[in-house]
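The structure appears below as C-alpha cells.
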Amino acid sequence: MTAPPRILVLNGPNLNMLGVREPEIYGHQTLDDIREACLARAGAADVEIDFRQSNSEAELVDWIQHARDSAAGIIINPAAYTHTSVAIMDALALAALPVVEVHLSNIYRRESFRSHSHVSAVAVGVISGFGSQGYLLAIDAMVRLIRPGEEG
Ligand code: DQA
C-alpha cells in the first residue's frame, strides 16, 4: 500500500491571528478552525495535509524548499508576502510542484497595492474572496491536479 500524497498548506504572517484580526474582512474562524476543516476535507479525499503558519519569510522559504522532496503540491496563503516576496515566488518556482494560491478576502477589490501578487506568476490558479471556504476549494483543485484521472 502506498502512502497518500501529501499537500503542504502554508499560511503567512498574521494569519495566526484569524478570529480576532479584522473579522469583517477575514471572518470569525480561527486558523485552527480552518486547519480542522482542511484535515476533514483531505481525509475524505484520501490525501494528507501538512498545515503550517509562520510570520517569518525565511521559514516559509525553508518549508517550500523542503517540500520539493516531501510534498505532491503546495497550497499557500502568503498573506502580506503575496505582494512583496520575490523570495517566496522563487522558492515556489524551484519546488517544481503544483501551487494553488488562496486568499480569504478578494484582493482585487481592496487597496490597489493588494492587486499585485508575485505568487500568482508561479501558481496554477488563485482562489480569492471566498473566506475560509477557499482553502477547501483549493484542496479540491489540488486533488485534481495531483490525481488528474479523477474528474468529479
Ligand atoms: C490575505 C490578503 C493579503 O492582502 C493580506 O496581507 C493578508 C491576508 C487574505 O487571505 O485575504 O494578510 O492573504
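Source: prediction; values computed, not measured. Counting starts at 1 for both ligands and their atoms, following the listed order.
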Output for pair (L104 CG, S132 OG), nearest 0.5 Å, gives 7.0 Å

Here the salt bridge (Lys or Arg N to Asp or Glu O under 4.0 Å) pairs for residues 125-142, sequence neighbours left out, are R41-D140

Scanning both residues in full, the closest heavy-atom pair of Q53 with P13 reads NE2-CA, 4.1 Å

Give one line per pair: atom of ligand 1, protein atom, distance. Only N/O to N/O under 3.5 Å.
from, atom 1, to, atom 2, distance (Å)
ligand 1, 4 (O), H83, NE2, 2.7
ligand 1, 4 (O), R114, NH1, 2.8
ligand 1, 6 (O), A80, N, 3.3
ligand 1, 6 (O), R114, NH1, 3.0
ligand 1, 10 (O), N77, ND2, 2.9
ligand 1, 10 (O), L104, N, 2.8
ligand 1, 11 (O), L104, N, 3.2
ligand 1, 11 (O), S105, N, 2.8
ligand 1, 11 (O), S105, OG, 2.6
ligand 1, 12 (O), R21, NH1, 3.0
ligand 1, 12 (O), R21, NH2, 2.9
ligand 1, 13 (O), N77, OD1, 2.8
ligand 1, 13 (O), H103, ND1, 2.8

Report yes or no: do Y81 and N55 form a side-chain donor-acceptor pair below 3.5 Å? no

Under 3.5 Å, sequence neighbours excluded: what are the donor-acceptor pairs made by side chains of residues 119-129?
from, atom 1, to, atom 2, distance (Å)
S120, OG, E101, OE1, 2.7
S120, OG, S117, OG, 3.1
S128, OG, S105, O, 2.8
S128, OG, I107, N, 3.1

Sorted by chain and number, sequence neighbours left out, side chain to side chain donor-acceptor pair (under 3.5 Å) with E36 holds for none

